[in-house]
Engineer: 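Below are the structure tokens for one structure; questions will follow.
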2 protein chains.
Amino acid sequence: MSAWGMGIASTAAAPPALSGSGKGKKVVILGAGLAGMTAAYELGKLGYQCQVLEARGFAGGRCQTARKGFRLHELGGDAQTCVFDDGQYINHGPWRIPLHHQSTLHYTRLFNVPLEVMVNDNDHSFVYLENGGPLANKRLRPAQLKADMRGHVAELLAKSVKTNQLDQALSADDKTLLLDYLAHEGQLAGADLRYQGRSGRGYSVNPGAGLTTGTPSDPLGFRDLLASKVGKVYSAVQDYPMQNTMFQPVGGMDAIARAFEKRVGRQIRYRADVQTIRHGENKVTVSFKDTGSGKLSSIDADYCLCTLPLSVLRNIDTDFSPALKAAVKSVAYAPVGKIGLQMKRRFWEEDDHLYGGHVLTDMKAINQISLPSTGWQSKKGVLLGYYHYMTDAIEISALAPAERAEFALAAGQNIFPAYRASFDSAFSVAWHRVQYNLGGWAEWTDENRKSAYPLLLEGEGRVLLAGEHLSYLTGWQAGAIESAWQQIEKLHAKASA
Amino acid sequence: MSAWGMGIASTAAAPPALSGSGKGKKVVILGAGLAGMTAAYELGKLGYQCQVLEARGFAGGRCQTARKGFRLHELGGDAQTCVFDDGQYINHGPWRIPLHHQSTLHYTRLFNVPLEVMVNDNDHSFVYLENGGPLANKRLRPAQLKADMRGHVAELLAKSVKTNQLDQALSADDKTLLLDYLAHEGQLAGADLRYQGRSGRGYSVNPGAGLTTGTPSDPLGFRDLLASKVGKVYSAVQDYPMQNTMFQPVGGMDAIARAFEKRVGRQIRYRADVQTIRHGENKVTVSFKDTGSGKLSSIDADYCLCTLPLSVLRNIDTDFSPALKAAVKSVAYAPVGKIGLQMKRRFWEEDDHLYGGHVLTDMKAINQISLPSTGWQSKKGVLLGYYHYMTDAIEISALAPAERAEFALAAGQNIFPAYRASFDSAFSVAWHRVQYNLGGWAEWTDENRKSAYPLLLEGEGRVLLAGEHLSYLTGWQAGAIESAWQQIEKLHAKASA
């Protein structure tokens, strides 16, 4: 690799290569989310006899897609049944697969799950800030903000270089090279290197046929940009997990859950709500209740891999040590809310020429409006009307589904004139109110990464834990998969010892 | 629109709304490229009787896709027949549809041509410069270059602000706001605002499960970046036509040509090679030779819309005025070469985690290696091995097809270890050697935009001209379409007068 330089070590691009056999050994896996199904699939290949207990009637955990007929009854809330048109959907759980998540991509490749690009970066989208000072309540575009802020800054720095204010820091050669770079970066014009706008920020009239040469647009002023702080919305590069190329499965994220289920579904016992976990020197016993009949059963196994969210596990009767129980309880889960709004017409494409990407806003409890990266130029579409966390999520989740939709519509109407008039139907989720999830993802503090995390990673006796919560990729499917890979390696080592 | 601010005026998002009728009037259209077929489609709706003369056996002009069985015989060169596997292809003509090209998108929408995202921007791709000074011959990544160059620059400017060197240019408030922005833009750390790398430039070990927190990578040095000039590869924002979201038709660009052909194919006379154009007060007469039988025919019409490239038109016997003839001859056409390389294995995805986008290089006559934005994670793929212009294109086009492939393979091998070993077959084009095109696109100089351009836009008598060459979108399909829209409006005005 080094001959070609700069290869990035991928810690987990493939499952661990395990030798030996698990024949004759029984593993009970709690939860048929991606961690549980990954474990069942990989352990099954080694000969282990796996039994997965899943409280729901379907597998996937948070890897869900809401489409026509999908039902959700939040705890203490109203029941919702999705009434989107055929072919329309919202990925109300995970919705993005970054190129860096080779573990997730390992399975989409292995299982032939067709992917399409998820547009996660759209310089033509809008930024709309209520608290944007002199630029408040305007539909600004990322391309404008980047071009203008970086242009003004390049001009300012060029000026200090040219007036010899940086002579102590730079050699004469460096100065020449830096001015050359700044002129390029900011597209500075003239001998005095002034920023006067550029085509990348957009035209007031686009170039076209005949004499339509393209009419330049005026840059936003440096002072306004500084005072508004909107230049801070974008940084030099995207955060690592958010970079191009971003993917989504064609037809909905649950294609991944279905692909796993196709391969390990026969080992899944559905509607099995875990009640107790007991483990001793020779076996693990898990009892569960059938959510339909209410009948209690139990299962014995050599090992248990528990992939339940800690927010769920904390309510289960276990014989874990007090330290491990305390560790389980110490981890907070993020309140997270999302809403899908089916629109009669793709006004964002037709009227505003926005194709995917995110409209960013500081409007209360909205955070972003995300446009679908599928069904380009078709009639209808489902957009994400809000995606919020923490206190915002708690507040909005207290509303009835229709009230949440009304809240989202009122906000979106500030940005898109056709928003409310185009509305068809909504489907919303508040993950902290969803039974068997009780939160979006594990929210680690530095403190309990040090105290609780090592205990949870270690497990106890014949019980091991896995899931996104036991990774540095919390909230991502890759975290669940890679954690499962790590823990089955441990399990296999124990079983082979 | 103004209530929502910042709407960009789209000069040409839809064809001109023409009233009246063309019934009983005959138009001969020369060339069944996108300009010619757009004119035939729109004039047909008005009742005009259109006859399109096309020298080839198929429509589309430069809107072509090479797939299994596609044949090309360059002038004075060897014949090539594409032997890619079924489902594999290269768009050797136009290959991108920018979001801003609403005219092209008008027809993909109207004709239900399915689109997919063309990944035109990939921060994870490679930049490989032979002349990169201290950073030469390394696989650098755009994310690294952007993060590090902007980080170092932000640090430098922050230092001058903090040491009061810019007090004349900035108020105290501005200074505070600017430092805040720079800390964000460059992700500067500590009270002294130092750039020390960032996650966006990539990790040396990615975050993962368990204790894999993610190992930071070291930034490239400011001096090395300055001396290498690679910081100049990327600018504050993408050039306007290159911005996200970029599209391509599913299955190949010629889907657009086929969609037009389906609607106007019955008006196209194929294998009709135009020989002469004569126009008088009452009619236009065009003679043409059947390229199969060699038989000469001629056709009379009320008007002629000539969409042939000027590089072709200049060789046709016309009775244009000397001034118009001189204008036609004055326009140079760009020599352009592209090569598609079918690879047995998508090593760029499997080994390097590159999904689409362009590898940029200064290697002689390569310019870029572009990775396919379709067939994600499948077995084979066709990448673009070079895309060059002007003198490079002239030099490489003199080679036989197999030699061109060898040239491309030797270069690509410098960047990708699996390049040559994965090679299956190639298909190359040198547009300046393709009969009926004789160049990639019109190359206007400022000088003849002033002198020749107005004459060509005006046409003469009953003859009007159209095509990408009569736009400020040269080389783009949108230029051809919008020019056709503009010229049929003129034609209709003349005919209705």
Side-chain angles (χ1 to χ4, degrees), chain A residues 4-6 8-12 99-100 109 115 117 119 121-124 138-139 143 146-147 150 157 160 165 174 177-178 181 184-185 199-200 202 205-210 212-214 226 231-232 235-240 243-245 353 355-356 376-377 417 457 471-473 482-483 486, chain B residues 4-6 8-12 99-100 109 115 117 119 121-124 138-139 143 146-147 150 157 160 165 174 177-178 181 184-185 199-200 202 205-210 212-214 226 231-232 235-240 243-245 353 355-356 376-377 417 457 471-473 482-483 486:
Chain A
W4 281 272
M6 306 268 173
I8 286 182
S10 187
T11 47
L99 76 100
H100 302 296
R109 181 165 182 241
L115 300 179
V117 171
V119 178
D121 203 8
N122 183 347
D123 271 357
H124 193 62
K138 286 182 195 295
R139 305 203 303 184
K146 291 180 191 175
R150 292 181 187 144
L157 184 57
S160 12
Q165 294 179 40
D174 288 346
L177 288 164
L178 179 57
Y181 166 78
H184 174 83
E185 167 74 1
S199 73
V205 179
N206 284 337
T212 315
T213 55
L226 285 174
K232 278 185 65 182
S235 185
V237 289
Q238 276 273 29
D239 286 342
Y240 199 58
Q243 294 171 356
N244 279 346
T245 309
H353 312 161
Y355 302 90
W376 307 115
Q377 298 200 304
L457 271 185
S471 78
Y472 281 85
L473 298 166
E482 292 177 39
S483 171
Q486 188 173 69
Chain B
W4 281 272
M6 303 270 173
I8 284 182
S10 187
T11 47
L99 77 98
H100 302 297
R109 181 164 181 244
L115 301 179
V117 171
V119 178
D121 201 9
N122 183 348
D123 271 357
H124 193 61
K138 287 182 195 294
R139 307 203 303 185
K146 291 180 191 173
R150 291 181 186 145
L157 185 55
S160 8
Q165 294 178 40
D174 288 346
L177 289 163
L178 180 55
Y181 166 77
H184 173 82
E185 168 74 1
S199 75
V205 179
N206 284 338
T212 316
T213 54
L226 284 173
K232 277 185 66 183
S235 185
V237 289
Q238 277 273 30
D239 285 343
Y240 199 59
Q243 293 171 357
N244 280 346
T245 308
H353 312 159
Y355 302 90
W376 307 113
Q377 300 200 302
L457 271 186
S471 77
Y472 281 85
L473 298 166
E482 292 176 38
S483 171
Q486 189 173 69

Engineer: Taking side chain as everything from C-beta outward and backbone as N, CA, C, O, which of these in A:Leu457 sits under 4.5 Å from a heavy atom of chain B? Side chain, backbone, both or neither.
Structural biologist: side chain

Engineer: Tell me which of these, A:Gly210, A:Ser483, A:Ser160, has more heavy-atom pairs under 4.5 Å with chain B than the rest.
Structural biologist: A:Gly210

Engineer: Can you sort out the partners of A:Asp239 under salt bridge (Lys or Arg N to Asp or Glu O under 4.0 Å), two or more places apart, ordered by chain and number?
Structural biologist: none

Engineer: Considering only heavy atoms from C-beta outward, does the side chain of A:Trp376 approach that of B:Val117 to under 4.5 Å?
Structural biologist: yes

Engineer: What is the distance from atom CD of A:Gln243 to atom OG of B:Ser199, rounded to the nearest 0.5 Å?
Structural biologist: 7.5 Å

Engineer: In terms of heavy-atom proximity below 4.5 Å to chain A, should B:Gln165 be classed as side chain, backbone, both, or neither?
Structural biologist: both

Engineer: Would you compute the distance between atom OH of A:Tyr472 and atom CD of A:Glu482 and round it to the nearest 0.5 angstrom?
Structural biologist: 14.0 Å

Engineer: Which one, A:His184, A:Gln238, A:Gln486, leads in non-hydrogen pairs under 4.5 Å with chain B?
Structural biologist: A:His184

Engineer: Go through the atoms of B:Leu115 and report whether side chain, backbone, both or neither lie under 4.5 Å from a heavy atom of chain A.
Structural biologist: both

Engineer: Just jot down the side chain to side chain contact (heavy atoms under 4.5 Å, CB included) partners of A:Asn244, sequence neighbours excluded, or say none.
Structural biologist: A:Asp121, B:Asp121, B:Asn244

Engineer: Count the heavy-atom pairs under 4.5 Å between each of A:Leu177, A:Asp123, A:Val119, A:Asn122 and chain B, then report the option with the highest count.
Structural biologist: A:Leu177

